[in-house]
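Everything below concerns the one structure shown next.
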Amino acid sequence: MSSNHPDYIASERKTLVDLLASNRAEILELLDGLTEEEARRSLVPSLTTLLGLVKHAAFAEQVWFHVTLPGRTRAELGVPDDIDDSFRLAPDDTIASIGENFRKVCAESDRQAFDHDLDDTGTHARRGPVSLRWMYVHMIEELARHAGHGDILREQILAAREA
């Protein structure tokens, strides 16, 4: 019998992978059923929009799993140095393009992490050595936090449809 419930007695690795996958899905769901205008709508003074949150989530995945873990540089991969740039939308950014990029980035993150043990480390520019375990936990918290921000923005956008 199949269930949508998590495996509450899974190994540490499976638990981390599954929780990250769940939070990734929540990030993508922020854009479900929105128009391009709604996804870009700015409701707060910062650069935060629903489309920008998904773009930023891809950036965070790249910083930790594509740069820090394998020891590459942001410049090598075209990852911005300024965190604000990870929220900025280009005119040609769309729900489809940002969503597809996020899925592609996450798949590469999984490939990068697959051959490493949880105790393996990478060196982050500001934090120094960090374990893959820590990267998983950090990404789970980061995506959960941003999914919460997105839930509030999405609620406001959907409420405006009814007004």
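Note that the numbering runs from 1 along the sequence shown for the chain.
- By the rule that hydrophobic residues join a cluster once side-chain heavy atoms approach within less than 4.5 Å of another member, Phe102 and Val67 end up as members of one cluster.
- Classification of Asp151 and Arg154 as a salt-bridged pair fails, no side-chain N sitting under 4.0 Å from a carboxylate O.
- Here the OG1-CZ distance, from Thr68 to Arg72, works out to 12.0 Å after rounding to the nearest 0.5 Å.
- One distance of note links CD of Gln62 with CD of Gln112; it measures 11.0 Å at 0.5 Å rounding.
- Side-chain atoms of Arg40 do not come within 3.5 Å of backbone N or O of Thr35 as any donor-acceptor pair.
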Stepwise side-chain hydrogen bond (donor to acceptor under 3.5 Å, both in side chains) test for Glu142 and His56:
CA-CA 10 Å; Glu142 171 120 356; His56 171 73; 2.9 Å; yes
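- Side-chain heavy atoms closer than 4.5 Å link hydrophobic residues (I, L, V, M, F, W, Y) into clusters, and following such links, possibly through other members, connects Ile27 to Leu47.
- Between the side chain of Lys55 and the backbone N or O of Leu89 there is no donor-acceptor pair closer than 3.5 Å.
- For Glu100 (side chain) and Ser97 (main-chain N/O), no donor-acceptor pair under 3.5 Å exists by modelled atom type.
- Taking the charged nitrogens against the carboxylate oxygens, Arg41 and Glu37 do have a contact shorter than 4.0 Å, which makes a salt bridge.
- Between the side chain of Thr15 and the main chain of Ser11, a donor-acceptor pair closer than 3.5 Å is present.
- Not less than 6.0 angstrom separates the ring centroid of Phe114 from the ring centroid of Phe65.
- Note on Arg24 versus Asp110: salt bridge recorded, some NZ/NE/NH1/NH2 to OD/OE distance being below 4.0 Å.
- In terms of heavy-atom proximity, Asp32 sits nearest to Leu28 at OD1-O, 3.9 Å.
- Ring planes of His124 and Trp64: parallel class, angle under 30° (limits at 30 and 60°).
- Side-chain atoms of Asp117 never come within 3.5 Å of backbone atoms of Asp120 as a donor-acceptor pair (strictly under, hydrogens ignored).
- Under 4.0 Å is where a charged nitrogen must lie from a carboxylate oxygen, and between Asp119 and Arg133 at least one such pair does.
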Evaluate side chain to side chain contact (heavy atoms under 4.5 Å, CB included) for Val54 paired with Leu31, printing each intermediate quantity in order.
CA-CA 8 Å; Val54 179; Leu31 302 176; 3.7 Å; yes
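- A donor-acceptor pair under 3.5 Å is formed between the side chain of Asn23 and the backbone N or O of Ile140.
- The shortest non-hydrogen separation linking Ala147 to Leu30 is O-CD2, 3.9 Å.
- Note that the CG atom of Leu69 and the CG atom of Asp115 stand 10.0 Å from one another [nearest 0.5 Å].
- A pairwise comparison of heavy atoms in Glu36 and Thr94 identifies OE1-CA, 3.3 Å as the closest pair.
- With hydrogens and angles disregarded, no donor-acceptor distance shorter than 3.5 Å links the side chain of His66 to the backbone of Thr73.
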